[in-house]
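As the structure is a computational prediction, the values presented were derived from the model and not from experiment. First the proteins, then the strands, lettered A, B, ... as listed; each starts at 1.
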Amino acid sequence: MSTILAWTSDACLLVGSFLLLTGALGFLRFNDFYARIHACGVTETLATALIILGLLLQSDSATPQFKLALILLFVLFSSPTASHALAKAAWNAGLRPRDNSGKRGIPLPPRER
Amino acid sequence: MDVFSYFNYWVVVVLMMLGFFIVIARGNLVKKLIGLNIFQTSVFILYISIGNVSGGAAPILEEGVALYSNPLPHVLILTAIVVGIATTAVGLALVVRIHAAYDSVEESEILAQDEPC
Amino acid sequence: MLSQLPVLPVLLPLIGAPACALLRRPTLAWVFACLVAVLAFLCTVSLFTTTWQEGVQTYALGGWPSPWGIEYRIDLLNALVLLVVSGIGAAILLASRASVWQEIGETRRGLFYVACLLCLAGLLGIAATGDAFNLFVFLEISSLSTYALVAMGPDRRALLAAYNYLIMGTIGATFILIGIGFLYMLTGTLSMADLGERLPAMGESRTAFAAYAFIVVGVCLKLALFPLHLWLPGAYTRAPSIVTVFLAATSTKVALYVLIRFTYSVFHLEFSQLAQALDTVFIALGVIAVFAGSLVAIFEADLKRGLAYSSVAQIGFMVIGLGIGTVEGLQASLIHLFNHALMKGALFLALAAFILRVGSSNFSSLRGIGRRMPLATAAFVLAGISLIGIPGTAGFISKWYLVLAAAAQQQWILLGLILAGSLLTAVYIWRFVETAYAEPEGDSVIQRNEAPLGMLLVIVLLALLNLYFGFDSRLPVETAGGAAQALLGGDAS
Amino acid sequence: MEVLIDIVLLSLLVATAVALVMVRGLIASIMLTSVYGLLSASFFVTMGAVDVAFTEAAVGAGVSPLLLLFTVAVIGRKERAPEGGAVLVKSLLLVVVTGALLIVGTLDMPPFGSPDAPAQTHVAPYYLQQSGAEIGIPNVVTSVLASYRAYDTLGEVLVIFTAGVAVILILASSSHRGSARLRNATVPDGSPHTILQVVGKILIPFILLFAFYVQFHGEYGPGGGFQAGVIFASGVILYGLLFGLPTVCRVLPPPVMEVLAALGVLIFGLTGVMSLLNGAPFLDYSVLADDPVTAQHIGIMVIELGVGITVASVITAIYYAFANQLEPGPN
C-alpha cells in the first residue's frame, strides 16, 4: 500500500513540475500577452494542485494534511482569479490579442494618453 | 571547503551592493526607494546567514531535536523588516507629494526647477 | 520609584506620544506634549544628580539581565546627553505654539506634536540604551519622525529636503545595521558593555575593523560630518522653524554621542593601528568642516541657511576634539556638545521669532530687526557672541578647552586653525549685527513688535544660560571631564 | 541537498537584483522587488528562520510592492534613462569601495553555518536552553521577541506607529491629481469587477480568520502579532480594492483606525507600566500573575495583541492615505 502511495506521490510531483516547466516555456516563447497568460494560468493551477497532492500523499500526520488541503483550496480559487484579473486589466487598458499572423486581431480603440 | 564557507557571505555582499548601486546611481525617486528596499533586504539575508547552524532546525522547541538555528538574529530581523517597510511607506508618501508639487519624480528634472536645495 | 529612574525620561514621551494622538484638539495636544517633555526633563535632572552622586545606574528592562535582555546603563556621558536633549526639547516645545500655529495647517497640528514627542523619545532612547540593536531601533523612531517633521515645511523644497534626508539617513542606518551585524557575528552579543569586554579579546580582526568603519560612516551621515553633510543645509533651511531649532540643538548631539560611545566604550581606542590613523582623518575632516561651513555661512544670503552651514562648522569643532584623542580633547568635545546645544537653541529660536514676525529669514528682510524686536535680537546677538567664543560666554569655555587640548599635544598648527575658524564665525555674526542695527531701514516705518511672550521668555532664558555657563562652567566642565576620564581610563563602566 | 537549494536561491536572488539594475520602467521594477521578497523569504525558510520568512513574504512580497503600485498609480510608470558619465563612474567607485571593504570584513569571519561560532555559543544558547522553563512556550523566537527583548518590540511597534503618523501628516489634505487617470485605466466602461468581487467575498472572511489564527498561534509556531496584523490589513485592503474606498471606509472609518493604532501601542506600553507600578522593572511580566510562567503567558498574549492591533490599523490607515490620492474618499 505504502509503495503505491509513494509511487503516486512521486508521479504527481514529477508531472506537476513538468507542467510548471512547460508553463514557463510558454511564457517565454509566446509573443502575445494573452497567450502568455494562458500558458501560465492554466498550467500553474493544475501544476500547483498536482504538487500539493503529491505532498499530501507523502505526509503521514493529520495537521499538515489539513493545512495542505486548505492551501490547495485557496490556490484553486486565487490562481484562476489572478489570471482573470490580469487579462481583464490588459483588455481594459486597450491591449488586444494578436491573430496567427502576429497582427492585432481586433482593432484598437484610440489610445488614451 | 574554505572558499565555500564564505561563498554565502560574498553573494550577500554582491546583493547588498547591487541595491546600494540602484540607490545612488538612479535618478528616479521611486527607483531609489526600490534600491533601498533591496539593500535592506540583503542585509536581512546577511543576518539570517549569521544565525544559520548547519543542520539546525527552526527554533521551535520539540522533543528529540538537539540542534536549532540561532533565534536571536531572527528576532532582530523581524524588527528590521518592520523598520524597512516603515521607511518605504514614508518615502513613498514623500514621492507622491513631490510629484504633486513638481509634476515629476526624476531628480534631474526636479533640481532644474529650483535653485539647489 | 527611584530605582525606575533610568527608564522614565524615555518612557514618558514614548507612552505620551500615542496618548497624545488620542487628543483631538491641537491646543490640548500642545499642552500635553509640553507636560510630558517637562516631566521627562525633571526625571532627567533627578537621574543626572543620582548618577553624579552614586555612579553608573543600570536598569534591566523586562527584568532580564544583560546580555540576555536589554539594559539601560547610565553613566555621566549618557546623563549629560539626556540632560541636554530633554532640557532643550522641553524648552522648545514650550516656546513652539505661536510659530507652529503660523506655519502648520490646522489639521496637522495635533499629529505634529505626536511626531515631536516620538522624535524626542527616539533621541532620548538612543542616549540611554546600552544595547547596540536597541540603539538602531530608537534611531529609526527618531529618524522617521524627523523626516515627517521636515516635510511639514512651508515650501515645496521641504519635501525634497525630507526625501534626501530619508535616503541619506536610511543608508546611514543600514550601514550601522551592517556594522552591528558584524559585531554580533564576532562576539555573539549585542550589549555594548559586553561587546566592550569581548571585542579586545578577539584581537586584531579585519571584521572588527570593517564593523567600525561601517558604524562610523553610518553615524557620520547622521552627524552630518563633512563630506557627508549634504542633507543638512536643505533639511535645516526648509523645515518649519521650530523643527529646525529642535534638530539643530538635539539630533546632531545625539549622533556625536553615538560616535563617542562606539569609539571608546565598544571598540576601545587601541583596538587597531588603523583606528589611530582614523584620528587624523577625524581632525582633518573636522578642520575642513569648520572652514567650509563657515565660509559658506559668511556668503549666504539667507540667515537660516547660514546658520545651518554654521552647524556643519561647529560639528567640525566637536569632531576635532574627538580626533585629538586625549582626555582633554574628548572633554572639550563634550563641553562643546553641551554649549552648542544652548547656542544653536537660542539662535534658531530667535530666528524662528524673526520669521514669525517678518515672514522671511533673508538678510534683506531682517534690516532694522534690532529696533523692531529688541529683546529677541539682543538674545540672538548674545548667543552669537557665545558662538564666536568671546570670554564671558559659554562658547569661550569650549574653545578654551579645545585650544588647551591641542596645545597639550603640541599641535600648534591645529591650534592656529581652531582660532582662525572662530574668527570666521565672528564674520557672519557681525554681518547679522550690522543688518539688525546699523543698516538703514526699509521703506516702511518700523514698529516695535516683539516675539510672543512664551517664545521670548525661552529665547532670553537660553541666551542667559549662555552667559551663565560662561561664568560658572562647573556643570559641563566637570561632567565632561568625568565622562571623558571614564571613557579613556579603560574604566568605561 | 540543502546546499544545492541555497545555491539555486542565491543565484536567483542575484539574477533578480541584476535584472533590477538593468530594467527600465517602474512596473517591472516593482514586480522584480516582489520576486526578490519572495525569494528571500524562501531562503529564510531554508535557513530555519520561519518567522522571518513569514514576515518577509507578507511584507517584502506583499505590502511593500502594494504601496509601490499605489504610488505608481498616482505618479505614472515611466522612468527616464539612467544617468551616464560622471554619476555612473562615481556610483560605481563608491559601490566597489564599499563592497571591497565588506569582502575584507568577511575574511576574518567564522565560517558559514559553523555551530562553534561566537554568535552561536555566547548568548543564543541561553534562550534555547532556558526559555522552555522560564517562558514555557515552544517558539523560542516568540519568547525572545515578546519577553527577553520585548523592549525592542515596543520600539518596533513605535516605528510602525511613527510611520503611520508620518504618512498621514505628509499626505493629509493634499491634492488628488491621479484620480481621473486611474479610474479610466481600470474600468473604462464603469463595469464592476464582478468575478473578482465574488471570489473576494468568498476569500476575505477566511483571510481575516487566518489572521486571527496567526495572532494566537504565534506561541506554538511561526506567527504572531505583526504577521497577523499584516494579513488582517491585507484582507481589508483587498476589500477596498474590489468594492471601492468609500465602502471600506464605511466599515472601518479612518479616524477609528488612527485611534486603534494609538490604542495598540498603549496596550503594549501600559502592560509595561503595570510592572513599573508594582515595583518591578518595565515590561517585567512576573507581576501579572502568581505563577511566573503563567505571568509570561499573559504578558506575551497581551502585548502580541497590542502589536497586532497597531500593525493592522496602521497599514490600513496608510492604505487609506495612499488610496485617497487616487479617489477621494469620504474624508
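- Each of M109(D), K90(D), R149(D) has some count of heavy-atom pairs under 4.5 Å with chain B, and the biggest count is that of M109(D).
- Your options are V96(D), I318(D), L13(D), and the one with the most heavy-atom pairs under 4.5 Å with chain B is L13(D).
- Classified by interplanar angle (parallel below 30°, tilted 30° to 60°, perpendicular above 60°), the ring pair F112(D)/Y9(B) is perpendicular.
- Side-chain contact between I315(D) and I85(B): absent, with no pair of heavy atoms (C-beta onward) separated by less than 4.5 Å.
- Near-neighbour residues of residues 14-23 of chain B relative to chain D, defined by a heavy atom under 4.5 Å from a heavy atom of that chain, comprise L15(B), M16(B), M17(B), L18(B), F20(B), F21(B), I22(B).
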Donor-acceptor contacts under 3.5 Å from residues 157-166 of chain D side chains, at least two apart:
{"unit_1": "T162(D)", "atom_1": "OG1", "unit_2": "L158(D)", "atom_2": "O", "d": "2.5"}

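- Within the 4.5 angstrom heavy-atom criterion, only side-chain atoms of L76(B), from C-beta onward, approach chain D.
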Yes or no on side-chain contact (heavy atoms from CB on, under 4.5 Å) for Q325(D) and V96(B), after CA distance, side-chain angles and deciding distance? CA-CA 8 Å; Q325(D) 303 293 313; V96(B) 168; 3.7 Å; yes
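- In this structure a side-chain-to-backbone donor-acceptor pair under 3.5 Å is missing from R97(B) to L171(D).
- For chain D, the nearby part of E109(B) is the side chain; its heavy atoms alone come within less than 4.5 Å.
- Residues meeting the salt bridge (Lys or Arg N to Asp or Glu O under 4.0 Å) test with D51(D), sequence neighbours left out: none.
- Under a 3.5 Å cut-off, the side chain of N28(B) and the backbone N or O of E106(B) do not form any donor-acceptor pair.
- In terms of heavy-atom pairs under 4.5 angstrom with chain B, the leader among F44(D), F54(D), F226(D), Y148(D) is F44(D).
- Not a single donor-acceptor pair under 3.5 Å links the side chain of S34(D) to the backbone N or O of I30(D).
- Between chain B and the options V63(D), V141(D), V87(D), the largest number of non-hydrogen pairs under 4.5 Å is found for V141(D).
- Of the listed residues (L32(D), V18(D), L26(D)), the one with the most heavy-atom contacts under 4.5 Å to chain B is L26(D).
- Of all the listed residues (V123(D), D152(D), V21(D)), the one sharing the greatest number of non-hydrogen pairs under 4.5 Å with chain B is V21(D).
- Both the backbone and the side chain of P222(D) come within less than 4.5 Å of a heavy atom in chain B.
- With T310(D) contributing its side chain and V307(D) its backbone, the two residues share no donor-acceptor pair below 3.5 Å.
- When heavy atoms are compared at a cutoff of 4.5 Å, V90(B) approaches chain D by way of both its backbone and its side chain.
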Could you go step by step and tell me if T71(D) and F322(D) meet the side-chain contact (heavy atoms from CB on, under 4.5 Å) rule? CA-CA 7 Å; T71(D) 312; F322(D) 275 94; 3.6 Å; yes
Donor-acceptor pairs under 3.5 Å, side chain of residues 37-45 of chain B to any protein atom, not counting sequence neighbours: which ones?
{"unit_1": "T41(B)", "atom_1": "OG1", "unit_2": "N37(B)", "atom_2": "O", "d": "2.6"}
{"unit_1": "S42(B)", "atom_1": "OG", "unit_2": "I38(B)", "atom_2": "O", "d": "2.6"}
{"unit_1": "S42(B)", "atom_1": "OG", "unit_2": "Y36(D)", "atom_2": "OH", "d": "2.9"}

